**Q** 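Before I ask anything, here is the structure I am working with.
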Amino acid sequence: MLLDLIPYSPSADEPSHPFAEIRSDREMENNKEKERVAAEEGHSLFQELFFFCTVKNVGDVPGAGCIYVETVVDRDSGVAFAKVYSSKHSMNAVDILASRVLPYFQRQEVAIREIHTKNAGEYCGLLSVHPFETFLANSRIRHLPKEQPGHPDNYLCEQFYRLLLKDFFLTELRRKYELTLGELQNDLDKFIGAYNAARKITNSP
């Protein structure tokens, strides 16, 4: 497997975020209260797609192709999700919600109030024909595609993807030179499971 890695590189003016710093006791208490309120009213999620690398003759990715990483992060608890895909498509944005995100929140008996995305073709379109828009409407989840410039929450997915890049993808691909996309996803699921184990959602006051 030959990889042409193009890792994410944050801009110099990107603000710091809780993923990369130690929180004070007061911040921890504030976050617990924020999570309690969110559990009662529904959680706010952020979703974003990242290009990971180009590949040649890797497992179930035909010919010379690409690997994309779809990410979802819960602002209120820090719980996060990720799936790898060989293409860039709105159905992938639906798939991660249907196969990973919604089942997790349903098991926790916590509602999802809204999902923030970029104003991109994978997420935005006519409600009657666009898979992502239709899925959110049927799931009674509000879609907020417009970002607030400079708002620190805009960087939630970027920070999470950078963590995946550093702690999972680069080390995993060095450890396993030959693997399929399915095998990569299985290992990613294990990593995400351990990551989320320390960030369990609570829906009790």
Side-chain angles (χ1 to χ4, degrees), residues 38-39 42-53 55 58-62 65-118 120-125 127-145 156-165 167-169 172-173 176 179-203:
H43 281 224
S44 181
L45 275 56
F46 285 72
Q47 182 168 351
E48 190 169 348
L49 177 71
F50 296 92
F51 168 76
F52 172 50
C53 66
V55 295
V58 53
D60 43 0
V61 179
C66 301
I67 294 180
Y68 295 91
V69 184
E70 190 81 40
T71 62
V72 178
V73 179
D74 177 16
R75 180 185 65 188
D76 303 299
S77 69
V79 167
F81 309 85
K83 286 196 73 173
V84 291
Y85 298 95
S86 60
S87 63
K88 187 178 180 180
H89 197 278
S90 58
M91 286 304 300
N92 297 338
V94 172
D95 175 69
I96 189 173
L97 295 180
S99 65
R100 297 293 192 277
V101 181
L102 265 64
Y104 179 89
F105 279 84
Q106 288 168 354
R107 290 194 299 270
Q108 304 300 321
E109 298 182 346
V110 173
I112 299 173
R113 180 177 69 253
E114 60 198 18
I115 293 182
H116 302 252
T117 70
K118 288 189 173 181
E122 298 82 46
Y123 307 113
C124 302
L127 176 61
S128 58
V129 297
H130 195 280
F132 187 77
E133 298 277 20
T134 302
F135 180 82
L136 291 187
N138 291 338
S139 302
R140 297 185 177 181
I141 299 173
R142 183 170 53 168
H143 184 204
L144 300 176
L156 280 170
C157 290
E158 292 179 7
Q159 294 282 359
F160 179 60
Y161 174 69
R162 184 167 58 181
L163 180 144
L164 290 178
L165 192 65
D167 293 348
F168 174 76
F169 283 112
E172 184 71 11
L173 292 175
K176 292 184 177 180
L179 77 169
T180 66
L181 202 64
E183 291 171 339
L184 182 62
Q185 183 62 55
N186 288 337
D187 291 338
L188 178 58
D189 286 340
K190 295 176 183 177
F191 180 88
I192 296 295
Y195 178 86
N196 285 338
R199 297 166 176 79
K200 288 185 178 180
I201 295 175
T202 175
N203 61 352

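Computed from a predicted model, the values in this text were never measured in an experiment.
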**Q** Between S139 (side chain) and I141 (backbone), is there a donor-acceptor pair under 3.5 Å?
**A** no
**Q** Please report the interatomic distance OG1(T134) to CG(L127), rounded to the nearest 0.5 Å.
**A** 5.0 Å
**Q** A side-chain contact here means heavy atoms from C-beta on lying under 4.5 Å apart; do N92 and L49 qualify?
**A** no
**Q** Write down the atom of D76, the atom of G42, and the distance for their closest heavy-atom approach.
**A** OD2-O, 4.5 Å
**Q** Distance-only, no hydrogens or angles: does the H130 side chain make a donor-acceptor pair with backbone N or O of C124 under 3.5 Å?
**A** yes
**Q** Between N196 and A80, which heavy-atom pair has the shortest distance, and what is it?
**A** ND2-O, 2.8 Å
**Q** To the nearest 0.5 Å, what is the distance between CZ (F81) and CZ (F160)?
**A** 9.0 Å
**Q** Are any non-hydrogen side-chain atoms of R75 and H43 less than 4.5 angstrom apart?
**A** no
**Q** Do L164 and F50 have side-chain heavy atoms sitting under 4.5 Å apart?
**A** no
**Q** Is there any salt bridge (Lys or Arg N to Asp or Glu O under 4.0 Å) pair reaching into residues 98-107, and which pairs are they, with sequence neighbours excluded?
**A** R100-D189
**Q** Give a yes or no on whether the ring-centroid distance for Y195 and F168 is below 6.0 angstrom.
**A** no
**Q** In Å, rounded to the nearest 0.5 Å, how long is the span from CG of N186 to CD of E183?
**A** 7.5 Å
**Q** D95: which residues meet the side chain to side chain donor-acceptor pair (under 3.5 Å) condition with it, sequence neighbours left out?
**A** K83, Y85
**Q** Measure the OG-CD distance between S77 and Q108 for me, rounded to the nearest 0.5 Å.
**A** 9.0 Å
**Q** Classify the angle between the aromatic ring planes of H143 and F132 as parallel (below 30°), tilted (30 to 60°) or perpendicular (above 60°).
**A** perpendicular
**Q** To the nearest 0.5 Å, tell me how far F105 CZ sits from I112 CD1.
**A** 5.0 Å
**Q** Could you tabulate the donor-acceptor pairs under 3.5 Å formed by side-chain atoms of residues 66-73, not counting sequence neighbours?
**A**
{"residue": "E70", "atom": "OE2", "partner": "Q47", "partner atom": "NE2", "Å": "3.2"}
{"residue": "E70", "atom": "OE2", "partner": "Y123", "partner atom": "OH", "Å": "2.5"}
{"residue": "T71", "atom": "OG1", "partner": "E48", "partner atom": "O", "Å": "2.9"}

**Q** With a 4.5 Å heavy-atom cut-off, do Y104 and D74 have their side chains touching?
**A** no
**Q** With the side chain counted from C-beta on, respond yes when I115 and L97 share a heavy-atom pair under 4.5 Å apart, and no when they do not.
**A** yes
